Every structure is written in structure tokens, then in C-alpha cells.
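One structure below.
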Amino acid sequence: MDRRAFNRRVLLGGAAVATSMSVTSMAPEAAGAEDPARTAPAGGEIRHIRLYAEKLADGRMAYGLEKGKASVPGPLIELDEGDTLHIEFENTMDVAASLHVHGLDYEVSSDGTKMNHGDVEPGGARTYTWRTHAPGRRKDGTWRAGSAGYWHYHDHVVGTEHGTGGIRKGLYGPVIVRRKGDILPDRTHTIVFNDMTINNRPPHTGPDFEATVGDRVEFVMITHGEYYHTFHLHGHRWADNRTGLLTGPDDPSQVIDNKIVGPADSFGFQVIAGEGVGAGAWMYHCHVQSHSDMGMVGLFLVKKPDGTIPGYEHHEHHESHAP
Amino acid sequence: MDRRAFNRRVLLGGAAVATSMSVTSMAPEAAGAEDPARTAPAGGEIRHIRLYAEKLADGRMAYGLEKGKASVPGPLIELDEGDTLHIEFENTMDVAASLHVHGLDYEVSSDGTKMNHGDVEPGGARTYTWRTHAPGRRKDGTWRAGSAGYWHYHDHVVGTEHGTGGIRKGLYGPVIVRRKGDILPDRTHTIVFNDMTINNRPPHTGPDFEATVGDRVEFVMITHGEYYHTFHLHGHRWADNRTGLLTGPDDPSQVIDNKIVGPADSFGFQVIAGEGVGAGAWMYHCHVQSHSDMGMVGLFLVKKPDGTIPGYEHHEHHESHAP
Amino acid sequence: MDRRAFNRRVLLGGAAVATSMSVTSMAPEAAGAEDPARTAPAGGEIRHIRLYAEKLADGRMAYGLEKGKASVPGPLIELDEGDTLHIEFENTMDVAASLHVHGLDYEVSSDGTKMNHGDVEPGGARTYTWRTHAPGRRKDGTWRAGSAGYWHYHDHVVGTEHGTGGIRKGLYGPVIVRRKGDILPDRTHTIVFNDMTINNRPPHTGPDFEATVGDRVEFVMITHGEYYHTFHLHGHRWADNRTGLLTGPDDPSQVIDNKIVGPADSFGFQVIAGEGVGAGAWMYHCHVQSHSDMGMVGLFLVKKPDGTIPGYEHHEHHESHAP
């Protein structure tokens with residue numbers, strides 16, 4: 001199986017389920033460190049997916065690409081600038097729900113708010129259309145930003161007119177829009193600080209993410225709920241800009257390993273696993289002291305090529321996400 | 001009436017009152033999208049205004065350019081880098097008050113703190129002087145930043161030595177300093193998240209802002225009080241940098257539609273109303289879920305050229321700010 | 001005495017003690033404003049220091065370079081990109097403690113977490129190794145960020161597995177990694193918003209920092225604990241980027257005088273004391289209104305060349321840090 005496609009499957013509850021919708025072209029096998037980094041192609045395609053809002057057995061609510069296979073966070077949706085995505089959305093729940101996206105272009109009818117008639121009744125369906133665009137110069141000479149970014153989608157209807165109930169229960173997911181030439185990762189992980197949880201999981205249960213030294217690993221970090229947090233990763237850093245990567249020696253962006261975030265903020269970055277620091281069990285956590293103490297912690301498990309992690313004894317209660 | 005001047009009048013309590021002091025040169029009628037964008041001229045002028053601190057009938061406190069016409073937020077003060085502004089300040093209230101500005105150059109006597117004797121007794125008056133400067137290279141070879149930015153002023157005396165009481169009641173307003181060549185908007189709106197209110201208004205009452213598709217609309221976003229917030233705008237985005245606009249393809253700034261802010265933070269940006277998304281009633285709100293649910297919400301009402309807004313039924317309780 | 005070295009001594013409790021470990025080359029006497037600014041050299045050295053964790057008589061915990069001379073914040077550690085630092089750490093306290101650093105390169109054994117066996121028992125000792133690197137291009141063509149930045153270190157063990165107890169009591173300090181060519185300040189001050197204190201001091205007691213108009217003063221600002229804050233400085237501004245300084249006219253970074261921060265965030269900047277505004281007692285404070293009212297305030301005391309400060313009467317309760 002293509003490594004990239006394989007990366008997009010995670011073991012959840014014992015069954016291998018697709019939790020990501022990649023609408024970018026599949027790239028060849030991840031290259032060795034001496035080969036040029038793979039980059040995103042130009043966009044411009046029109047794509048279609050189905051998305052389901054579902055109630056999970058444990059009371060959570062979730063989005064999924066197939067019926068019965070919803071996950072929290074919902075599937076990663078990747079687009080290239082210029083792509084259009086039509087989403088056939090079906091609400092299988094017993095309460096009205098919707099889909100609101102950040103950062104992308106959509107007519108007000110695809111806004112996902114009740115005010116703009118974007119809600120979908122229980123058992124109902126509708127199509128939301130998201131568009132993206134490349135940057136360029138306007139006729140008045142000014143520069144128009146492109147759609148590229150680490151964005152996200154969420155419900156805007158359940159519980160309150162701002163979707164407070166839906167978000168709390170898990171109706172959210174990541175969106176990445178890439179620019180032609182953006183560097184592609186070997187794999188992507190999503191971390192959502194939702195109130196005092198990470199990805200709506202019980203405290204002190206991760207999620208953990210595995211990699212091998214030298215892998216180019218991408219993180220999408222989203223915040224939801226009531227509280228501010230500070231996202232911290234041990235042993236790795238990123239640039240506080242659009243891609244999380246510096247464009248070169250003249251990029252003035254601050255390089256950080258800790259960032260204050262609030263509800264609906266999102267950012268992303270790529271690291272080379274273990275670069276300059278080696279293999280290890282590297283914590284990531286909210287650095288608000290009581291939040292980390294209450295369990296907003298997971299591990300970035302960077303293995304040596306032989307699969308071992310120095311100094312790390314696996315804790316049974318940590319459920320690891322194999323790549 | 002010149003369109004730009006007209007934009008600077010808002011309907012407040014039934015009477016048309018001037019709530020902005022534009023000390024930049026009046027520009028010609030907003031240009032069509034195919035004409036070059038208008039830009040700010042070089043500064044260097046010495047200007048004078050009067051500013052009054054007043055108690056409003058409903059208990060709020062406010063700054064105004066004329067007696068009896070104070071507003072919350074106070075008037076927009078626009079300067080070009082190099083300008084000097086002398087403010088003849090009169091305190092018409094029954095408590096001491098002051099004027100403290102962010103970002104600009106002022107001698108410590110114009111600091112607006114009691115410690116530096118910047119307070120003005122009830123019925124008293126004094127002159128505050130604000131200066132601005134263009135960027136340039138120092139004699140030691142280093143680069144000195146200019147004054148350009150989205151700044152703000154507020155009381156630093158009422159209630160506590162930090163003006164907590166004055167700010168809470170409405171003693172604040174926006175300041176924009178422009179650099180020669182900065183793109184000028186068709187109009188400017190100010191949004192202040194002050195504790196759990198927007199511009200000290202009752203919850204769920206906006207303010208709403210009107211525009212027509214294609215207008216270049218500027219927002220100045222200021223935060224005050226006790227709480228952190230996240231400012232979110234539907235269907236439009238901005239760059240997280242000095243102007244809110246990218247300088248071109250090499251600008252690494254993140255493009256966002258959601259930003260965490262805390263007391264005394266300020267930023268600004270321009271959007272082309274409805275660009276890529278069309279007309280509509282686009283929400284802006286604090287994205288902290290309880291804050292939006294409690295009513296920290298307003299509308300950016302983007303009309304078609306015929307004046308209609310698709311899918312939008314006007315809600316009586318929304319008081320709209322006509323341009 | 002060399003001015004720079006002199007700057008690194010602060011009066012604390014009546015005794016002159018070294019509270020900073022400068023491992024950069026000593027630069028010649030600070031130059032006049034018309035001489036080129038001094039810049040950081042290339043790194044690449046291997047350095048060694050001793051660091052002690054100590055309990056202070058008043059119950060605080062602190063790091064120090066010499067036994068009996070620990071301070072809150074701990075000593076400033078300065079490195080140049082490429083340097084390696086071996087820290088012989090001794091824990092003189094009666095509880096286990098550790099040393100965790102942000103931003104630098106360290107193997108997981110120097111992580112400072114209990115999980116990675118980085119804790120040091122009472123009376124115990126161990127060596128932590130921190131490495132830094134210059135930026136450069138990877139073999140795959142992508143750009144690797146360098147280590148330069150305003151970072152910090154703190155305990156990760158006392159009280160909880162995240163060091164909540166150690167941080168609360170004072171086990172934290174600043175780290176600066178400089179890039180070849182970075183502009184060097186005349187002196188550096190550290191401000192830590194730790195819960196509702198500045199540098200664990202009683203409310204309304206500063207710290208205050210003295211300078212003379214024209215001095216190039218560097219501030220390192222770190223946050224710890226539970227709360228978000230907004231750091232505000234009167235009369236001076238900085239750029240929201242890696243150095244706090246603009247690289248030149250094309251740098252799009254926002255210039256600010258107020259910044260929202262949360263636990264473990266850190267940033268730094270340099271100002272020319274009194275530039276464009278003159279001498280004065282310039283407040284810095286948290287701009288969350290209740291935090292400033294409760295005493296999260298200090299003074300940046302900028303003197304005229306004759307040593308006077310216009311309009312300022314010294315308050316006895318302010319303990320000033322002479323340069």
C-alpha cells in the first residue's frame with residue numbers, strides 16, 4: 001500500500017477505518033532525506049465527498065466519510081489552492097446539525113449557521129460547497145491572499161446557535177489547504193484542545209503519535225470550547241507563520257515551541273522527528289499548569305530505525321496511533 | 001457629501017453625529033476595482049483637535065470631539081507617520097479622567113497616568129501631545145520601526161490607577177497611524193470586545209456594519225477589560241501582520257479568520273466585502289463558546305449592488321450602522 | 001569594570017551577586033549612538049557551568065550559579081548558535097527537582113521530566129547537555145530554523161510531573177540564543193509573569209529597571225502558571241517577531257506595545273530607552289485590568305544623562321534594579 005495512503009488509516013477501537021479524505025494527488029513514496037522534499041501540486045479540481053454527522057455509542061458526536069465510521073476529530077480534508085469541494089452532508093442524528101468551515105470561500109448558504117439556513121434537520125441532507133483560490137494581484141494593484149492554511153470545520157447548530165453543544169461532543173475536524181510548492185509531510189496528526197480534553201479523550205490517555213527519526217511529521221493544532229491553552233511540544237520547534245516552516249534566512253518569524261491559543265484558533269507545522277535531538281518519548285501538552293496536571297498530555301514517540309525508544313517504557317494506558 | 005466623510009457619520013440614538021476625526025487628507029471618491037487602490041500620503045503635519053470626556057445619560061462614559069456628542073467607542077483618530085497631534089482635552093465629568101494612548105510617541109507628561117501627573121480634575125482641561133514618526137535607519141545602522149499601526153486610547157485614571165472604571169464604562173477609542181503608501185479603505189469600523197460586550201452595547205444587539213460587495217472595508221479590533229476572547233469573522237480573512245494585508249507572495253504571515261486577544265491588544269485589517277463569497281449576512285463574534293452564546297455577536301451585512309442580502313431577514317433588534 | 005559585565009550584576013538583598021552567566025564573548029564598551037551597533041559572534045564553543053537548585057529562606061525555590069546565591073528568576077544563560085552547554089546540576093533541596101529547557105536541542109535524557117528519568121533526587125547531581133545550531137539548508141532543499149530565540153528553563157518535577165510546584169515557587173529562568181549578526185544590547189532584564197506576580201515578588205513592588213536615555217535595553221518576557229496576561233510597556237514598542245526588531249522596511253511584522261501571553265510563552269525585544277519620548281518613569285504592567293490593579297506593575301526608569309527623571313518622585317516601596 002502506498003505509504004501516504006497507509007498513513008491515513010489509524011487504528012481506532014480495534015478496526016482499521018479511513019479517517020481522512022485526501023483529495024490531493026497521491027505522491028510517490030516518501031523520499032529519503034537527500035532527495036528533494038515532495039511539494040504540493042497546483043489545484044483547480046472539482047471534488048465530491050460525502051460526510052455524515054453521527055452519534056457515537058458513548059454519547060459523542062462525530063463526522064465521518066462513511067456511515068458508522070465517524071471519528072473525533074473528523075476526517076482530515078486536504079485541498080490544493082484552486083480546488084472546489086462539494087460535500088454531500090447527511091445528518092444521521094436526532095438533532096439538527098451543520099457544517100461551518102474556517103478560512104475557505106463559501107457562499108452564505110454554505111455558512112452552516114441557522115441564521116443563513118445552513119442547518120440540516122435530523123435525517124436530512126444537503127450539499128455544502130467550499131471553494132479555494134490561489135493568491136494573486138487584484139486589478140487595483142493590491143495583493144489578494146490565497147486560501148492556503150491550516151483550517152478546520154465544526155458544527156454551528158447543536159445546542160446553541162453557535163454549535164456549543166456539537167463542538168463539545170466532538171463535531172469538529174481539520175482542513176488543510178496547500179499552495180503549489182508547499183512541502184508535503186510524510187504524515188499528518190491532528191490535536192484538538194477541546195475544553196480540558198485532547199480530541200475529546202479521557203484525561204491522561206494521549207493520543208500518542210508514532211514516528212521514526214527523520215520522518216517529516218505534520219501537526220494540525222485546533223482549539224475549541226471555553227478555555228485558553230498553551231500548546232507545547234518537547235524537543236521540537238516551529239515557526240509562528242503560515243506553514244510553521246521558515247521560508248529561508250530572511251523570514252523574520254519567531255520560532256517557538258509554545259503558543260497561546262483560544263477557541264477556533266488553528267495552526268499547523270511540520271517537524272523532522274528527532275532532528276538534532278534523536279529518538280525519544282517527547283511530551284506534548286497544554287502548558288497551563290493545572291491543565292497539564294489534569295491530563296492534557298500526549299506523547300510524540302520518535303523511534304530509532306530499529307523501532308526502539310531510548311528510556312521509554314510503554315504505559316499500558318497510552319493508546320498509541322501507529323502511522 | 002464626500003463619500004468618505006459621509007462614512008464617518010453613524011446613526012446613534014436617532015441623531016447623525018460626527019464620531020470620527022479624520023486628520024488625513026480627504027481622498028477622492030472611492031475608486032472602482034480596476035483603478036489603483038488609494039494610498040496614504042506622507043505625514044508631517046501639526047494638527048489640533050478638542051476632545052471631551054463626558055458622562056452619558058445611561059451611565060456610560062465616553063470621549064467626543066464636540067460637547068454633548070461623545071460616543072462609545074470614541075472617535076477614530078487617523079494620522080499619517082510624521083504627524084503631530086495636539087489634543088485639547090476637557091473633562092466635563094465629576095471624576096478625574098485622562099487620556100493614555102498606545103503605540104504613539106509622547107513625553108511622559110502626556111502619559112495619562114496619575115503617577116506622571118497626566119490626570120485631569122473634574123471640569124479641568126489640559127493638552128496632550130502625540131507624535132508619530134516614519135521608519136528609518138539609525139546612525140548605528142539598526143532599523144527603527146515607524147509609528148504605523150492600529151492603536152487605541154483609553155482612560156488611565158477613573159476607578160483605579162489603571163483606569164479600570166473608565167474603560168469599563170466606555171472611555172476608549174481607536175487610533176490608526178498610516179504609512180505613506182498604505183492602502184486606504186472605503187470605510188473603517190471599530191469593534192471593541194470590552195468584558196462581555198461589544199462596544200459596551202447590550203448583548204445580542206450588534207453592532208452590525210453594512211457594505212456593498214466590492215467595498216474595501218477596514219476593521220479595527222480592540223480588546224479591553226478582564227477576559228481573553230477570540231475574534232472570528234465569517235467568510236473573510238486577514239493576514240496576522242501590521243496591516244492585515246499581505247505585502248506580496250513572499251510575505252510569510254499567517255492568514256487567519258480567528259485570533260486570540262486580551263485586554264489592550266489591538267489589530268486591524270481590510271477586506272473586500274464579499275470577495276469570493278458574495279453578498280450575505282456574515283457573522284462576526286467572539287468564538288469563546290459561552291461568550292458568543294451570551295451575545296458577543298454582530299453582523300457584517302454585505303449587500304448586492306441592488307441593496308439586497310441573500311437569505312437575510314432583518315431582525316428588528318439588530319441596530320444597523322449604515323455606511 | 002567592563003560595562004557589559006557590570007550590567008550583569010544586580011543588587012539583590014543588599015549584596016552584589018552574579019545572577020547571569022554570559023557565555024558569549026565579552027564585547028567592547030557599549031558604543032555611542034553613531035558607532036555601529038555591536039553584534040553577536042558566531043558560536044560553536046563547548047561550555048560548562050554549574051547550576052544549583054536551592055530553597056530560599058522565605059520558602060521560594062531558585063536556581064543559581066553558585067551555592068547560596070540563587071535568585072528568582074534564575075541566571076540569564078546566553079549562548080550563540082552552535083554552542084553546546086554542559087550544565088552540572090546539583091539539587092540542594094529536600095525534594096526532587098529538574099531542569100527542562102525550551103527551544104534548545106537536547107537528547108531525551110536531558111528532558112528534565114520524570115518520565116525520561118531527568119529528575120534529580122535531593123542532594124543528587126547530574127549533567128544536562130543543551131545544544132544549539134545555526135540555521136541552514138537541509139539536503140532535501142528545505143530550510144532548517146536555527147536555535148536563536150528568547151527561551152527559558154524551568155523545573156518539571158517539583159509538586160507534579162509538570163513541575164507546577166517548582167515553577168510556582170521560583171524555579172525558572174531565561175535563556176537567550178543569539179545568531180551571528182544579532183544586535184547586542186547594553187543590558188538585559190527579565191520579566192516573568194508567574195501567576196499574579198512579577199518574578200515572584202510581592203504585589204506593587206516592581207521590579208523596576210533603570211536606564212539612561214539612549215541605552216539599548218533588552219527585555220526577556222516569560223509567563224508561567226495558570227493565567228493568561230497581556231504585557232504592556234508605556235512609551236516604547238517592539239516588533240512581534242524573532243528578535244523584537246524589524247529587519248528593515250520590508251519586514252511585515254506588527255509593531256506592538258501589548259501582547260497576550262500564556263504559561264511557558266516567551267519573547268524578547270530591545271528598545272532604545274526614551275527614544276522619541278525622552279526620560280521618564282514608564283510603567284510596564286499586565287493590562288488585564290484586575291491584574292494591574294492587584295499590583296502586576298513595575299517601572300522602566302529612564303533617566304536623563306544628569307540622572308534625573310522628569311516628574312518622578314521615587315516611591316520607597318519600589319526596589320530599583322540599578323544597571
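Lettering follows sequence order; numbering is per chain, from 1. Everything numeric in this text was worked out from a predicted model, so none of it was measured.
Ring-centre distance between A/Tyr284 and A/Phe219: not below the 6.0 Å cut-off.
Using a 4.5 Å cut-off between heavy atoms, A/Ile260 contacts chain B through both its backbone and its side chain. Contact annotation for A/Ser266: only backbone heavy atoms (N, CA, C, O) come within less than 4.5 Å of a heavy atom of chain B. Only the side chain of A/His154 comes within contact range of chain B, judged by heavy atoms closer than 4.5 Å. Proximity to chain B (any heavy atom under 4.5 Å) is shown, for A/Arg168, by neither the backbone nor the side chain. Looking at B/Ala239, neither its backbone nor its side chain comes within 4.5 Å of chain A, counting heavy atoms on both sides. Residue A/Ser253 touches chain B through its side chain alone, counting heavy-atom pairs closer than 4.5 Å. Contacts of A/His162 with chain B are made by both backbone and side-chain atoms, with heavy-atom separations under 4.5 Å. Neither the backbone nor the side chain of B/Ile309 comes within contact range of chain A; no heavy atoms are under 4.5 Å apart. Within the 4.5 angstrom heavy-atom criterion, atoms from both the backbone and the side chain of B/Leu246 approach chain A. The contact between A/His117 and chain B is made entirely by side chain atoms (from C-beta outward), counting heavy-atom distances below 4.5 Å.
The most heavy-atom pairs under 4.5 Å with chain B, out of A/Asp265, A/Thr160, A/Asp111, A/Asp105, come from A/Asp265. Of all the listed residues (A/His224, A/Arg179, A/Glu161, A/Arg144), the one sharing the greatest number of non-hydrogen pairs under 4.5 Å with chain B is A/Arg144. Among A/Asp250, A/Thr247, A/Thr142, A/Asp240, the residue with the largest count of heavy-atom pairs under 4.5 Å with chain B is A/Thr142.
No side-chain heavy atom of B/Val297 sits under 4.5 Å from any side-chain heavy atom of A/Met115. Contact annotation: the side chain of A/Phe193 approaches that of A/Met296 to within less than 4.5 Å [non-hydrogen atoms, C-beta and beyond].
Judged purely by distance below 3.5 Å, without hydrogens or angles, the side chains of A/Gln289 and A/His291 never pair a donor atom with an acceptor atom. A side-chain N or O of B/His285 and one of B/His234 form a donor-acceptor pair less than 3.5 Å apart.
Salt bridge present: B/Arg216 and A/Asp140 bring a charged side-chain N and a carboxylate O closer than 4.0 Å. Ion pairing between B/Arg242 and B/Asp182 holds under the 4.0 Å rule for side-chain N and carboxylate O.
Interatomic distance, CG of B/Asp257 versus CZ of B/Arg237, reported as 7.5 Å (0.5 Å rounding).
Between A/Ile167 and the options A/Val192, A/Asn194, A/Val158, a side-chain contact (heavy atoms from CB on, under 4.5 Å) holds for only A/Asn194.
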